[in-house]
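Quick caveat: nothing in here was measured; it's all calculated off a predicted structure.
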Amino acid sequence: MKRSRSPMIFIFVLGLIVILAIVLTIFFMTRPGQRAESAIEQFYLHEQQGKFSDSWELFHSQMKGKFGKGAYIQDRAHVFMNHFGVESFEFVMGDLKKLDQWTMEKGSKPLSPVYQTTVIQTYKGKYGLFRLHQDVYVAEEKGEWKILWDYHK
């Protein structure tokens, strides 16, 4: 009596399909654009929660050179929470664009590749409803995607 091999073949093909699906999921979830977008989202989630120390940690070293951690934490809390009278905000990100090369300011080291998007923060405070539009850039540094702002005049 011969045993049919078709159940074994079916199980083998099914296993290959599952493995392929896992590999494709990992590939698309770890592609640079996705990781860059996640860094921006994480930054603004920290900002939303008033965790300015955590958001500062997501800055690129060129940004960290603009202001120290303590000054950043104090300024963000003072300006947005105290002056504007808001406790939090909502934000949306535009489409992510890949730039071949970009500089944060005149004379700074060119970065490549860089992703750019516009983030719109919506505040409701003692002066009413207002929106802050800001171009945000992300570049990879030491294997992690880090936040930059534009300082060109």
Side-chain angles (χ1 to χ4, degrees), residues 14-153:
L14 185 62
L16 283 177
I17 291 171
V18 169
I19 290 170
L20 181 61
I22 291 169
V23 168
L24 287 174
T25 300
I26 291 169
F27 172 75
F28 285 110
M29 292 305 289
T30 60
R31 70 184 198 275
Q34 178 67 36
R35 290 182 22 238
E37 189 173 288
S38 293
I40 296 168
E41 184 174 7
Q42 191 62 50
F43 177 86
Y44 284 98
L45 287 172
H46 289 317
E47 293 274 298
Q48 233 179 11
Q49 298 166 4
K51 296 179 179 178
F52 303 118
S53 174
D54 293 339
S55 55
W56 186 88
E57 291 295 336
L58 294 175
F59 278 139
H60 190 277
S61 61
Q62 289 184 24
M63 285 291 294
K64 288 179 178 178
K66 296 293 259 179
F67 33 74
K69 188 175 189 176
Y72 180 78
I73 294 166
Q74 187 174 11
D75 285 352
R76 294 298 272 196
H78 182 73
V79 170
F80 289 101
M81 294 178 168
N82 296 341
H83 281 297
F84 294 151
V86 298
E87 292 185 21
S88 189
F89 60 89
E90 295 176 8
F91 71 94
V92 294
M93 295 187 312
D95 293 334
L96 206 61
K97 299 173 196 157
K98 184 178 180 183
L99 308 175
D100 291 329
Q101 191 174 29
W102 180 80
T103 58
M104 185 176 81
E105 60 190 338
K106 186 176 180 180
S108 65
K109 179 183 173 190
L111 302 169
S112 177
V114 173
Y115 288 89
Q116 180 269 327
T117 189
T118 300
V119 173
I120 303 171
Q121 296 168 264
T122 302
Y123 293 89
K124 296 175 186 169
K126 65 182 177 183
Y127 300 111
L129 177 71
F130 61 97
R131 291 182 181 87
L132 176 66
H133 295 238
Q134 185 173 25
D135 287 336
V136 178
Y137 301 83
V138 192
E140 195 170 17
E141 184 176 51
K142 297 178 183 173
E144 294 182 27
W145 289 90
K146 298 293 187 169
I147 305 296
L148 296 120
W149 293 332
D150 190 343
Y151 283 90
H152 288 98
K153 294 182 182 182

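Between A39 and V138 the shortest heavy-atom distance is CB-CG1, 4.3 Å.
Evaluation of the salt bridge (Lys or Arg N to Asp or Glu O under 4.0 Å) test over residues 106-123, restricted to residues two or more places apart or in two chains, returns none. Applying the salt bridge (Lys or Arg N to Asp or Glu O under 4.0 Å) rule to pairs touching residues 143-153 yields E144-K146, sequence neighbours excluded.
For L58, the side-chain contact (heavy atoms from CB on, under 4.5 Å) partners are Q42, F43, H46, I147, not counting sequence neighbours. Shown here are the side-chain contact (heavy atoms from CB on, under 4.5 Å) partners of Q74, two or more places apart in sequence or in another chain: there are none. In terms of the side-chain contact (heavy atoms from CB on, under 4.5 Å) criterion, residue partners of E57 (sequence neighbours excluded) are, by chain and number, K64, K69. The ring-ring contact (aromatic ring centres under 6.0 Å, His included) search around H133 returns none, not counting sequence neighbours. Residues passing the side chain to side chain donor-acceptor pair (under 3.5 Å) test with S108, sequence neighbours excluded: none. Every residue two or more places apart in sequence or in another chain that forms a ring-ring contact (aromatic ring centres under 6.0 Å, His included) with F67 is listed here: F59, Y72. Under the rule for a side chain to side chain donor-acceptor pair (under 3.5 Å), the partners of S55 that lie at least two apart in sequence or sit in another chain are E47.
Once rounded to the nearest 0.5 Å, the distance linking OH of Y115 with CZ of R35 reads 9.0 Å. Note: D75 CG to N82 CG = 11.0 Å, rounded to the nearest 0.5 Å. Here L111 contributes atom CG and H60 contributes atom NE2; the two are 4.5 Å apart, rounded to the nearest 0.5 Å.
With contacts defined as side-chain heavy-atom distances shorter than 4.5 Å, the pair Y151/M63 qualifies.
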Side-chain atoms of residues 89-105: list all donor-acceptor pairs with protein atoms under 3.5 Å, sequence neighbours left out, distances to 0.1 Å.
| residue | atom | partner | partner atom | Å |
| --- | --- | --- | --- | --- |
| T103 | OG1 | H152 | NE2 | 3.2 |
| E105 | OE1 | K66 | NZ | 3.0 |

Can you give me every donor-acceptor pair (side chain of residues 122-129, partner residue at least two apart or in another chain, under 3.5 Å) with its distance?
| residue | atom | partner | partner atom | Å |
| --- | --- | --- | --- | --- |
| Y123 | OH | Q121 | NE2 | 2.8 |

